[in-house]
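Naming: A, B, ... by sequence-line order, numbering from 1 per chain.
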Amino acid sequence: MSLTPAIDERRVRRLNQIEDQHGTVIYWMSRDQRVRHNWALLFACRKANQLGQPLEVVFTLAPGFLGAPMRHYDFMFRGLREVERDLRELGVPMTLLYGEPGETLPEYAASRNAGAVIADFSPLKLVRGWKQEVAPRLSCAFYEVDAHNIVPCWLASPKQEYAARTIRPKLNALREEFLTDFPEPELRYQPDKLPPPVEWDEVKTLLKVDRSIKAVQDLEPGEAAAELRLRDFVDGRLSRYADERNDPNSGAVSGLSPYLHFGQLSAQHAAFEAARSKASEANREAFVEELFIRRELSENYCYYNDQYDAFDGIPEWAKKTLLGHADDRRDAIYTPEQFERAQTHDPLWNAAQTQLLETGVIHGYMRMYWAKKILEWSATPAAAFDIALMLNDRYALDGRDPNGYVGVAWSIGGLHDRPWVERPIYGTIRYMNANGCKRKFDVPRYIAEMSGSSQATLF
DNA sequence: ATCGGCTCGCGCAA
DNA sequence: TGCGCGAAGCCGAT
């Protein structure tokens with residue numbers, strides 16, 4: 001068997017200049033909500049063992065998170081219950097802190113006389129803001145570990161990359177070193193006793209979030225479910241991935257993005273398993289391209305461009321061409337509510353929106369078509385950007401993810417893309433239409449299946 | 001079915 | 001400074 005790899009020190013950086021203290025080690029779990037294949041937890045375990053201290057895990061829950069509705073909290077909490085149970089088996093207590101993390105985390109760390117606090121990594125502004133508030137209020141060492149990316153985001157590139165082709169060689173140069181297996185978490189020092197379990201249902205009642213968007217029914221959350229789905233994909237559908245991933249009827253895609261978004265599945269683990277599967281090289285590499293190159297390009301964009309969630313973040317050539325066509329005549333202009341309720345003239349678009357509303361997931365190829373039509377049928381390109389992002393964040397289980405921001409910016413704003421032939425409204429932004437879908441897949445079948453799923457949930 | 005052109009700018013070669 | 005080529009396409013010609 002292969003040697004279990006150690007933690008690469010380049011994955012870790014300090015967020016303050018205080019040394020390790022004599023006290024319990026805290027892993028502030030935020031984005032990587034899993035027990036296995038988690039470099040932040042593994043680093044925290046090693047730190048606890050080195051300091052001769054027990055480890056505990058803290059999850060901070062802000063009253064609202066970037067407009068996330070109950071659908072997302074439901075998925076997340078069900079995964080966190082499993083995390084809590086699995087941590088308990090390792091002898092690690094899990095604590096939930098409700099409130100503003102910038103206040104609750106330092107207070108808790110002080111109350112526990114913490115020796116070190118370890119956070120996982122996110123490129124999002126809100127989370128980076130929390131860490132900036134936490135850092136000066138801690139009286140112990142504060143570390144950050146990129147447990148989400150295969151190559152740590154700050155190591156992959158020192159700047160915003162222009163396109164996949166510019167980041168690809170940089171990531172591939174580090175692929176051998178970072179696309180490894182994982183060791184199992186091990187702890188030498190256990191706490192005297194574990195606290196009572198978190199009252200997850202009680203906490204849910206405190207949240208100030210939109211409760212009108214129902215939880216998804218057909219997707220089982222959690223680390224174990226993610227692992228099953230990964231195995232199922234790698235041993236089966238991966239062999240069709242290269243040819244059929246753009247056919248929303250074929251079911252050749254992995255369906256892993258909700259698990260990846262909540263960190264219930266490690267992208268590195270998924271890529272490692274896919275890369276050593278029996279599927280052909282073309283299929284293996286097509287999937288690794290998505291999971292590694294394009295995912296980490298999205299992280300790069302959010303990390304280096306603080307306008308990642310706004311029209312203004314898109315490249316200059318794209319802004320120029322879109323604004324030059326802002327006054328072009330539109331065949332239709334819909335309100336955000338009309339889009340939201342899937343009430344456009346286009347049954348294919350409505351089917352994609354219905355899929356998003358009902359299942360919390362939209363097929364990757366349809367997400368491009370969906371976003372580009374929002375551009376075509378909105379009053380201005382900036383309005384289209386906001387509508388697409390709002391709908392994605394409200395309904396998609398992988399909303400508020402770098403992939404979502406970049407998906408919208410790619411579709412509407414030409415990000416990481418090149419210009420194409422000039423047309424009305426789009427300017428030189430890449431165009432897509434229903435004819436292209438017709439060439440690639442059975443459009444009536446997709447429409448029928450989506451309206452079927454809509455009917456089923458009405459009764 | 002397959003192919004070239006469309007259009008911009010990065011990054012590398014020179 | 002020049003040149004090749006690119007996140008998922010479209011369209012018309014063959």
Side-chain angles (χ1 to χ4, degrees), chain A residues 156-173 240-250 252-255 257 267 271 282-283 285-302 304-305 308 313-325 331 346 348-349 352 361-376 385 388 392 398 401-441 443 446:
Chain A
S157 169
K159 62 169 190 175
Q160 183 187 326
E161 291 291 336
Y162 184 76
R165 72 185 154 87
T166 64
I167 202 171
R168 189 178 292 111
K170 297 178 185 182
L171 289 172
N172 279 336
R240 299 189 284 127
Y241 188 76
D243 286 342
E244 297 181 31
R245 72 189 144 160
N246 282 343
D247 178 349
N249 293 320
S250 95
V253 293
S254 73
S257 53
N283 284 308
E285 286 310 306
F287 185 62
V288 171
E289 168 78 14
E290 303 285 334
L291 205 57
F292 181 33
I293 308 294
R294 297 191 192 178
R295 251 197 65 262
E296 298 192 8
L297 178 61
S298 299
E299 302 267 325
N300 169 276
Y301 181 63
C302 294
Y304 289 111
N305 187 331
Y308 59 76
I314 69 173
E316 276 309 312
W317 68 265
K319 219 182 288 182
K320 200 169 142 197
T321 192
L322 285 169
L323 293 178
H325 287 271
D331 285 337
D346 175 13
L348 179 57
W349 194 92
V361 172
I362 185 169
H363 187 277
Y365 184 81
M366 289 311 298
R367 176 133 62 182
M368 298 187 284
Y369 176 82
W370 172 89
K372 283 180 183 289
K373 293 299 150 182
I374 295 175
L375 169 63
E376 202 172 319
F385 188 100
N392 189 59
D398 63 347
D401 190 277
N403 276 323
Y405 296 116
V406 167
V408 170
W410 180 87
S411 302
I412 293 176
L415 177 72
H416 301 150
D417 203 9
R418 60 172 159 143
W420 299 84
V421 68
E422 188 161 17
R423 305 166 182 278
I425 306 172
Y426 289 77
T428 56
I429 301 292
R430 183 195 299 256
Y431 177 66
M432 286 176 78
N433 64 6
N435 281 337
C437 297
K438 242 181 262 176
R439 276 196 301 276
K440 291 178 179 67
F441 64 91
V443 169
Y446 177 74

Rounding to an integer number of angstrom, what distance separates [N] and [M] when you compare their [atom1] atoms?
N     : M      : atom1 : result
C:dA7 : B:dC12 : P     : 15 Å
C:dG4 : B:dG4  : P     : 15 Å
B:dT7 : C:dC11 : P     : 15 Å

Tell me what [X] touches on the nucleic acid: a base, only sugar-phosphate, or nothing, going by heavy atoms under 4.0 Å.
X        : answer
A:Arg423 : sugar-phosphate
A:Met368 : base
A:Lys440 : sugar-phosphate
A:Arg439 : sugar-phosphate
A:Arg367 : nothing

Can you tell me the pairing partner of [N] across any strand shown, Watson-Crick or G-U wobble, with both distances under 3.5 angstrom?
N      : result
C:dA8  : none
B:dA1  : C:dT14
B:dG11 : C:dC3

*Please check if the side chain of A:Tyr301 supplies one atom and the backbone of A:Leu415 the other of a donor-acceptor pair under 3.5 Å.*
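It does not hold such a pair.
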*Would you find a donor on one side and an acceptor on the other, under 3.5 Å apart, between the side chain of A:Asn305 and the backbone of A:Gly313?*
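Looks like yes, one N/O pair under 3.5 Å.
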*What is the ring orientation for A:Trp370 with A:Trp349, classed by angle as parallel under 30°, tilted 30 to 60°, or perpendicular over 60°?*
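Parallel: the ring planes of A:Trp370 and A:Trp349 meet at under 30°.
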*Any luck finding a side-chain donor-acceptor pair between A:Tyr369 and A:Asp346 under 3.5 Å?*
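Looking only at side-chain atoms, A:Asp346 and A:Tyr369 do form a donor-acceptor pair, the distance falling under 3.5 Å.
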*Does a side chain donor of either A:Asn300 or A:Glu161 reach within less than 3.5 Å of an acceptor in the other side chain?*
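There is no such pair (donor and acceptor under 3.5 Å, judged by atom type) between the side chains of A:Asn300 and A:Glu161.
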*asked:* Using a 4.0 Å heavy-atom cut-off to protein, can you give one letter per nucleotide of nucleotides 3-14 of chain B, 5' to 3': B if the base is in contact, S if only the sugar-phosphate is, - if neither?
replied: ---BBBBBS---
_Quick check: do A:Thr321 and A:Pro419 have side-chain heavy atoms less than 4.5 Å from each other?_
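SC-SC contact between A:Thr321 and A:Pro419 ruled out.
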*Is the NZ atom of A:Lys320 crowded by more than 12 outside heavy atoms at less than 6.0 Å?*
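Atom NZ in A:Lys320 is not packed in, count stays at 12 or less.
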Please list every donor-acceptor pair under 3.5 Å in which a side-chain atom of residues 421-429 of chain A meets a protein atom from a residue at least two apart or in another chain.
| from | atom 1 | to | atom 2 | distance (Å) |
| --- | --- | --- | --- | --- |
| A:Glu422 | OE2 | A:His325 | NE2 | 2.8 |
| A:Tyr426 | OH | A:Lys372 | O | 3.0 |
| A:Tyr426 | OH | A:Glu376 | OE1 | 2.6 |

*asked:* Can you give me the first and the last nucleotide of DNA chain C (5' to 3') that has an atom within less than 4.0 angstrom of a non-hydrogen atom in chain A?
replied: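 Under 4.0 Å from chain A, the extent on DNA chain C is C:dG6 to C:dC11.
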_Between A:Arg295 and A:Glu290, does any NZ, NE, NH1 or NH2 come within less than 4.0 Å of an OD or OE carboxylate oxygen?_
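Salt bridge: no.
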